[in-house]
Participant: 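Below you will find the structure I want to go over with you.
Protein chains get the first letters and strands the later ones, always in sequence-line order, with residue 1 at the start of each.
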Amino acid sequence: MTPDLRRRIFDLVVWIGSLVVAGGLLAGEALAERARPVADNSAYRTECGACHVAFPPSLLPATAWRAQMASLARHYGVDASVDAAAAREIGAFLDANAGRDRGVATATGEPPRITTSGWFVREHREAANAIRTSATVKSASNCGACHPAADRGQFDEHAVRVPRS
Amino acid sequence: MQPLSPTFAILALASLVWMPNAAYAAPRDLLAGYEAAARQAAPAFAGFSAARGARFFQEPHGGEWSCATCHTPAPITAGKHARTGKAIAPLAPGANPERFADAASAEKWFRRNCNDVLGRECTALEKGDVLTWLISLK
């Protein structure tokens, strides 16, 4: 075996090895994203999940959740008030599991809406028209209309099904 | 495995026979509470009316929504939240035994939804009329 050939084989082995490692890392990350447990609380699911998906608490910062909890009697024009015990439990749950990334702090509105966050607008740019015009979707907050496992906190892009009407 | 005792078998069978009525026991208890409250509010109270309840349920009360907007005019079928589009299970206990099975939960939803539709809480008479109509739906 000439030194040149040995060199080529070595290069090839390093190449394939790098590919395998990189692929493994990517797949691991994707799996971790899919398997990451979503914070859950039965009072939160019952009270908030009755009218809309129980949004993962990590999608808004703690300040925004506190603003939500303080205005439930006029929740975007709807009475979503809860009793004192439920308010305490849900408030503590949201505080403990609120988002800490800078991205979630870009939500605006009174109180802040998840759907105004920079990342949300970017991720939904392609679907914005369908969301606006579909009678089934009605609202960008109706996650479950296109994300079948939204109730379980899963928003994988590959599972998205936008309704035709 | 041990064979089932005759007592157990009889109890199990009895519970099967009794179950369909159980779906209505809780709503009727709730209704009795509304009746006492309605009588106290107006001594001339002459009983709840399913027809009055049906009308109350269908008409808007000066606002954008009626009860039927989200619960459908025939609430033995599933409805849809007018704002978010989320599915709402049937409201009539005959179609959904979980409805009005828990008094605290029923009161909570009456409070929220009456505020949304009427801009105030409902009276015992209004709640009793609507519940009487809902129980009558098959």
Side-chain angles (χ1 to χ4, degrees), chain A residues 42-55 59 68-69 71-87 89-90 109 111 113-115 127 130-152 161-165, chain B residues 26 30 33 56-57 60-73 75 77-93 95-123 126-127 130 134:
Chain A
S42 76
Y44 178 63
R45 186 164 284 279
T46 307
E47 298 295 342
C48 308
C51 297
H52 52 66
V53 165
F55 304 119
L59 298 185
Q68 295 282 359
M69 293 306 294
S71 60
L72 283 181
R74 313 168 304 280
H75 187 67
Y76 306 111
V78 174
D79 182 346
S81 55
V82 297
D83 66 35
E89 180 176 348
I90 295 169
R113 291 174 185 270
I114 294 169
T115 52
I131 292 170
R132 204 170 33 243
T133 55
S134 163
T136 315
V137 181
K138 280 187 96 82
S139 156
S141 64
N142 187 6
C143 310
C146 306
H147 299 274
D151 259 340
R152 297 192 294 282
R161 294 283 173 275
V162 180
R164 280 160 190 266
S165 58
Chain B
L30 193 61
F56 183 88
F57 194 87
H61 298 264
E64 189 186 347
W65 295 339
S66 69
C67 310
T69 307
C70 295
H71 289 293
T72 83
T77 55
K80 207 165 107 173
H81 196 287
R83 188 62 59 82
T84 66
K86 180 158 176 140
I88 298 175
L91 183 61
N96 180 0
E98 283 177 31
R99 295 298 194 183
F100 303 98
D102 175 55
S105 168
E107 275 295 284
K108 176 182 75 187
W109 283 107
F110 265 131
R111 189 190 69 234
R112 287 177 178 173
N113 297 356
C114 290
N115 264 332
D116 290 339
V117 172
L118 295 97
R120 62 166 172 83
E121 296 201 16
C122 289
T123 64
E126 289 163 340
K127 291 188 271 196
V130 166
L134 288 174

Participant: Among Ala80(A), Ala50(A), Ser141(A), Cys51(A), single out the residue with the greatest number of heavy-atom pairs under 4.5 Å to chain B.
Facilitator: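 Heavy-atom pairs under 4.5 Å are most numerous for Cys51(A).
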
Participant: Under a 3.5 Å distance rule, please check whether Lys86(B) uses its side chain to pair with a backbone N or O of Gly49(A) as donor and acceptor.
Facilitator: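 Yes.
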
Participant: Mark yes when over 12 heavy atoms from residues, nucleotides or ligands other than Arg120(B) sit less than 6.0 Å from its CZ; otherwise mark no.
Facilitator: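 Result for CZ/Arg120(B): enclosed.
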
Participant: Using side chain to side chain contact (heavy atoms under 4.5 Å, CB included) as the criterion, list what pairs up with Ala130(A), not counting sequence neighbours.
Facilitator: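 By the side chain to side chain contact (heavy atoms under 4.5 Å, CB included) rule, Ala130(A) matches Val162(A).
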
Participant: Hey, which of Ala135(A), Ser81(A), Ser139(A) has the most heavy atom pairs under 4.5 Å with chain B?
Facilitator: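 The candidate making the most pairs under 4.5 Å is Ser81(A).
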
Participant: Give a yes or no answer on whether the side chain of Asp116(B) reaches the backbone of Asp79(A) with a donor-acceptor pair at less than 3.5 Å.
Facilitator: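 It does hold such a pair.
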
Participant: Do Val82(A) and Arg112(B) have side-chain heavy atoms sitting under 4.5 Å apart?
Facilitator: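 A side-chain contact exists here, since the closest heavy-atom pair is under 4.5 Å.
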
Participant: Kindly check if the number of other-residue, nucleotide or ligand heavy atoms within 6.0 Å of CD (Glu107(B)) is above 12?
Facilitator: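 Yes - once you tally the heavy atoms of other residues, nucleotides and ligands closer than 6.0 Å, there are more than 12.
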
Participant: Can you list the residues that meet the ring pair (Phe, Tyr, Trp, His ring centres under 6.0 Å) rule with His81(B), with sequence neighbours excluded?
Facilitator: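 If we apply the ring pair (Phe, Tyr, Trp, His ring centres under 6.0 Å) test to His81(B), skipping adjacent residues, there are no hits.
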
Participant: Out of Cys114(B), Ala82(B), Cys70(B), return the one with the most heavy atom pairs under 4.5 angstrom to chain A.
Facilitator: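 Greatest number of close heavy-atom pairs with chain A: Ala82(B).
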
Participant: Would you call Lys108(B) and Glu47(A) a side-chain contact if the rule is heavy atoms closer than 4.5 Å?
Facilitator: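 In contact.
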
Participant: Where does Ala104(B) contact chain A at under 4.5 Å (heavy atoms): side chain, backbone, both or neither?
Facilitator: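 Contact with chain A: none, neither part.
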
